[in-house]
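Since the structure comes first, as structure tokens, the remarks are kept for the end.
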Amino acid sequence: MARVVVDVMLKPEILDPQGQAVQRALPRLGFEGIADVRQGKRFELEVAGPVDDAALARIHEMAETFLANTVIEDFIVKVESEKAGSAEKAEGPK
Amino acid sequence: MARVVVDVMLKPEILDPQGQAVQRALPRLGFEGIADVRQGKRFELEVAGPVDDAALARIHEMAETFLANTVIEDFIVKVESEKAGSAEKAEGPK
Amino acid sequence: MTSRIGVVTFPGTLDDRDSLRAVRIAGAEPVSLWHRDKDLKQVDAVVLAGGFSYGDYLRAGAISRFSPVMETVVEQAKAGLPVLGICNGFQILTESHLLPGAMLRNNHLHFICRDQKLRVETTDTAWTADYEAGQEISVPLKNIDGRYVADERTLDELEAEGRVAFRYLDGNPNGSLRDIAGVTNAAGNVVGLMPHPEHAVEPLIGTGRTDGLGFFTSILKKLVSA
Amino acid sequence: MTIKTLDTVKHASGTPEAEQPWKDLGLKEDEYARIREILERRPTGAELAMYSVMWSEHCSYKSSKVHLRQFGEKAPANDAMLVGIGENAGVVDVGQGYAVTFKVESHNHPSYIEPYQGAATGVGGIVRDILAMGARPVAVVDPLRFGAADHPDTKRVLPGVVAGIGGYGNCLGLPNIGGEVVFDACYQGNPLVNAGCIGVMKHEDIHLAKASGPGNKVILYGARTGGDGIGGVSVLASETFESTGPAKRPAVQVGDPFQEKLLIECTLEIFREKLVAGIQDLGGAGLSCATSELASAGSGGMRVELDTVPLRDATLSPEEILMSESQERMCAVVEPDKVARFMEICEKWDVIATVIGEVTEGERLEIFWHGEQIVDVPPRSVAHDGPVYHRPYARPDWQDALQADDANKLARPATSAELREQVLRLIASPNQASKAWITDQYDRFVQGNTVLAQPEDAGMVRIDEESNLGVAMATDGNGRYAKLDPYTGAQLALAEAYRNVAASGARPLAISDCLNFGSPEDPAVMWQFAEATRGLADGCLQLGTPVTGGNVSLYNQTGETAIHPTPVVAVLGVIDDVNRRTPIAFKEEGQLLYLLGETREEFGGSAWSQVVHDHLGGLPPAVDLDREKLLGEILISASRDGMIDAAHDLSDGGLIQAVTESCLRGGNGARLVVPDGLDAFTFLFSESAGRAVVSVPRSEELRFTDMCGARGLPVTRIGVVDGEAVEIQGEFSVELAELKDAHEGTIPALLA
Ligand SMILES: Nc1ncnc2c1ncn2[C@@H]1O[C@H](COP(=O)(O)OP(=O)(O)O)[C@@H](O)[C@H]1O
Ligand SMILES: [Mg+2]
């Protein structure tokens, strides 16, 4: 089964109280050098059939009409390979 | 400035009612063929300095002690290139 | 000398005034504590009150845990200082690892506010001695992140050691594992629960019951006899 | 990238012919001409932005003003009024040195676009209004209207709105003590999200929005200013100049209740130390509104360095900064020697505070950007001298036909079995069903002073722990009644809220209102508005309850179709000792049930006509405000003297609705007898106004009925609290369990 990920983030011009709270807390915890933090949502969808263009178009529509409210949020649809952690450089917990 | 992303997801054995609610709603909205949905958090960190191993180690620690609660959550740290959307296949909103 | 019980205010704490009032009604001296101060003003016990500290934006209790006041609370709790965490306070205690487990979004995803029946499972703590074991009480419950989870081994351990302090009755309101509403540490001085005893201390207010007063009279008796 | 030319005052004076996008900003040609006349030149971009938003319907009340004046003109003589209409919120004296401020506002349109954030920021806005008066906010209420309960879009809008109101209010620590939830297809594309707040202070703590004392500092504090909620001004940014910022600014804002909670605590501490000379919240029209209103209410002069405003987005243009409706901000005027302490308190609460300007000797509001002057206006002309319209209005041609379509002629149940079936259908219908699924998402216990909350007739909070002084509030409005007759409908809303407050044992004192209507450009809508305001003003005069303030929301329609005219009225009451409050629950078996008031055949606009016949026509119930007043006095005396243990007002759904609610709340049944002269159907379903049902201990029966008799209030013994069922003698009986399932199952089934 293939995994499609939809990342939903608040638009850059929209206030992100959650990201702000995290950012403000970091120096107090001793973490310096983080200039900005934005917090969003990550949806991991397990797709039953083939992830072809038609399926992706449907997921795109789903993201646009349901997973995100495009008045305030942007989203990105990504296909992940069978195993997670396909990003360029990844570190999981031990 | 480089962007580092921390994805935080509930551990697989922990019930994810948010993901479930999304999944249950999908057929009603006319989206079929999604076998499972998990919902998690995505943090986008803008790092001021270089993202070297030392910086990544610090971010890893930050994720482990703060961004995630490892009693219930797993996380992954990824370096994104300057531009967002570096994933294998990406579609943004128009 | 009357006992002094401190109530911590974090940014976003909501039920601090209520907890101070409950302390006063029980007959102790209420003392306000501030999150930025490491100094606990020589109180004999501490209440971490309910609310949404730091908006609960990351996870409930996750940011408050790192405050100066918590450094002292954690240190002294380990040395026996009685600490009661109510709702957000309970969340802070789990985030600080003074109590096991974690709190997640309610299984129905909604904030829920209702009169909640509980069973007091142990009177072997600093905060429950005035109840009878197995006593059923009703106090308000109000939260959105109230689902208690811990791994099976931890849960079994808690049960075996008699550290499940309160259980939900008449229906689990949030999907908490094993109907757990509150737990205690092994020493019995640190207790956390999601429902709000401080909202049930006056006959006319809220649900009109005073079932929560026992928390505050328990600690008072313990302190006076100590 | 084109370098943007700053449109300074000087530049504007030198370029009188420059094209300006006044039309896209919603100004009319004569309004633009008027601005040029006031300034004796063309406005700068920044000035144009300020005028356009301050002269909008939302901020200037240009269509409603001529009608709202009646609230002042017909105001009853009332010693309790401390601050009247015109300030952020009105203030009334509730005794023992306490003053209470309260107000209801709408956030209808944003809540349709983004239900969660729209509703959340609605709560945030009204709370800041109350805070700005010097008061500690102590409770909120939320009158809501949605489309049909079973419409798919209602499933999107309602849960989002409710979660947003809860999410914001719960996080602020304000108990939600009342409101309404009404479903009607007329609100399908335009839900109504009204939110009210009550605040308490000592008389000496009342603060007003005015900037006086030249040399005093103007301090902006709270959240940073971002590009949200700018609306029309994006037009300005993109058309007059080459835009450098994000092309489209979002019209919806995201709320940060945590920031607002800090703002509340910080502001209250600042009040306690008496550090402000004037204060204003930032709501609609943001800094434009705050600076022009503060200046015009004070001595008139103010100078602002706009580039000192802390920004979230560095690309914002000065016009955008002036217009931004970023949430969670306040503006204070502070004497120079108090600024340091002010800043200290802000720092303590992690609140950003910045001196952005000062009060000046002059009479102009002057705003500078990097040293260059971009605004130079008489502040009054922006804040108060906006256009006033006398919009044409006319009784719609369909009104007669609607009223002639008499609901009293609808087919009534023929048998007892049918009557029973209709009772169950009524109490299970979405409008009459229990709203616990919704209200359980609101914290009603926080602050530890809640005496009554949903599902009681009125919400009640204690405001003094020693004396047990308390205040109560109920909000009501019935769009169906108002559609049939807007004058009477508005009075019925007032009467119902008044009755609810009195039923709780509190003495009604004053009101706030939120007037939700369609487009003022439609003469039929304007007639509804004129009638409703006239009805409300006349009603308030008669009941002796002044209007302390409120809000008008126009353009509520789906396409061409306006919503039902929906005046929502919030009545505030005071009770000297909350121990004497009257709940709705029938708790004591054996107590006698009395019906107060008269029951007539009145079914126009009734719940029964909607549920059983899907019908709206005829006339609404008749109003008799003297009767309402008398009923109120009886209910209050009876509570004070311990003659009744429960009271529930009768309104939509009639007697059976009230009895069902009181029985379920108390866990007891009731045996009822149909009084002489009434048929069972009318007895159970009529919606005649001016009525309540009370539960009287047997020992008090004589004293109570004597009091009613002596005062001339019709009183009828209708039964007794008894058993596990509601029984109508000679007709039918329904077990409590069956009533409960019917009443409580509907909303969860639709929405959960
Ligand atoms: N949106 C809401 N928020 C808070 N309370 C509500 C809301 N809707 C209804 N309620 C409460 O539920 C109860 C029943 O509402 P309603 O039937 O409208 O009352 P009434 O007919 O007496 O005006 C009241 O206590 C009312 O305040
Ligand atoms: Mg009513």
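Per chain, numbering begins at 1; letters A, B, ... match sequence-line order.
Residues D/Arg462 and C/Ile205 have side chains in contact (heavy-atom distance under 4.5 Å, counting atoms from C-beta outward). Using a 4.5 Å heavy-atom cutoff, the side chains of C/Arg24 and D/Glu465 are in contact.
The most heavy-atom pairs under 4.5 Å with chain C, out of D/Gly173, D/Ala163, D/Ala436, come from D/Gly173. Counting heavy-atom pairs closer than 4.5 Å to chain C, the top-ranked of the candidates D/Thr450, D/Val451, D/Leu452 is D/Thr450. Note: C/His110 leads C/His110, C/His196, C/Glu198 in heavy-atom pairs under 4.5 Å with chain D.
Looking at D/Ile264, neither its backbone nor its side chain comes within 4.5 Å of chain C, counting heavy atoms on both sides. Interface residue C/Thr207: backbone and side-chain heavy atoms are both found under 4.5 Å from chain D. For C/Glu202, the part sitting under 4.5 Å from any heavy atom of chain D is the side chain, from C-beta outward, and nothing else. Proximity to chain C (any heavy atom under 4.5 Å) is shown, for D/Asn468, by neither the backbone nor the side chain. Using a 4.5 Å cut-off between heavy atoms, D/Val578 touches chain C through backbone and side chain atoms alike.
Between the NE2 atom of C/His108 and the CH2 atom of D/Trp437 there is a distance of 10.5 Å, given to the nearest 0.5 Å. Taken from CG in C/Asp18 to CG in D/Asn449, the straight-line distance is 7.5 Å, to the nearest 0.5 Å. In this structure, the separation between CG on C/Leu14 and CD on D/Glu265 is 9.0 Å, given to the nearest 0.5 Å. The CZ atom of D/Phe445 sits 6.0 Å away from atom CG of C/Asp115, with the distance rounded to the nearest 0.5 Å. In this structure, the separation between NE2 on C/His199 and CG on D/Asp443 is 6.0 Å, given to the nearest 0.5 Å. Rounding to the nearest 0.5 Å gives a distance of 8.0 Å between NZ of D/Lys261 and OG1 of C/Thr13.
For a heavy-atom cut-off of 4.5 Å, chain D lies close to no residue in residues 82-93 of chain C. By a heavy-atom distance cut of under 4.5 Å, C/Tyr54, C/Gly55, C/Tyr57 are the residues of residues 53-74 of chain C near chain D, going up by number.
Other residues, nucleotides and ligands contribute more than 12 heavy atoms inside 6.0 Å of the NZ atom of D/Lys155. Environment of NZ in D/Lys202: crowded, with over 12 heavy atoms of neighbouring residues, nucleotides or ligands closer than 6.0 Å.
Of all heavy-atom pairs between D/Lys348 and C/Trp34, the closest is O-CZ2, 3.5 Å. Of all non-hydrogen atoms in C/Phe52 and D/Asn170, the two that sit nearest each other are CE1-O, 3.5 Å. The minimum heavy-atom distance linking D/Leu262 with C/Pro11 is given by the pair CD2-CB, 3.6 Å.
The residues D/Glu347 and C/Arg36 are annotated as salt-bridged, a charged nitrogen and a carboxylate oxygen being separated by less than 4.0 angstrom. Using a cutoff of 4.0 Å between basic side-chain nitrogens and carboxylate oxygens, C/Arg114 and D/Asp440 are not scored as salt-bridged.
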From CA spacing to verdict: side chain to side chain contact (heavy atoms under 4.5 Å, CB included), D/Val446, C/Lys142: CA-CA 9 Å; D/Val446 65; C/Lys142 30 167 242 181; 3.4 Å; yes
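C/Arg21 places a side-chain N or O within donor-acceptor distance of the main-chain N or O of D/Gln447, the cut-off being under 3.5 Å.
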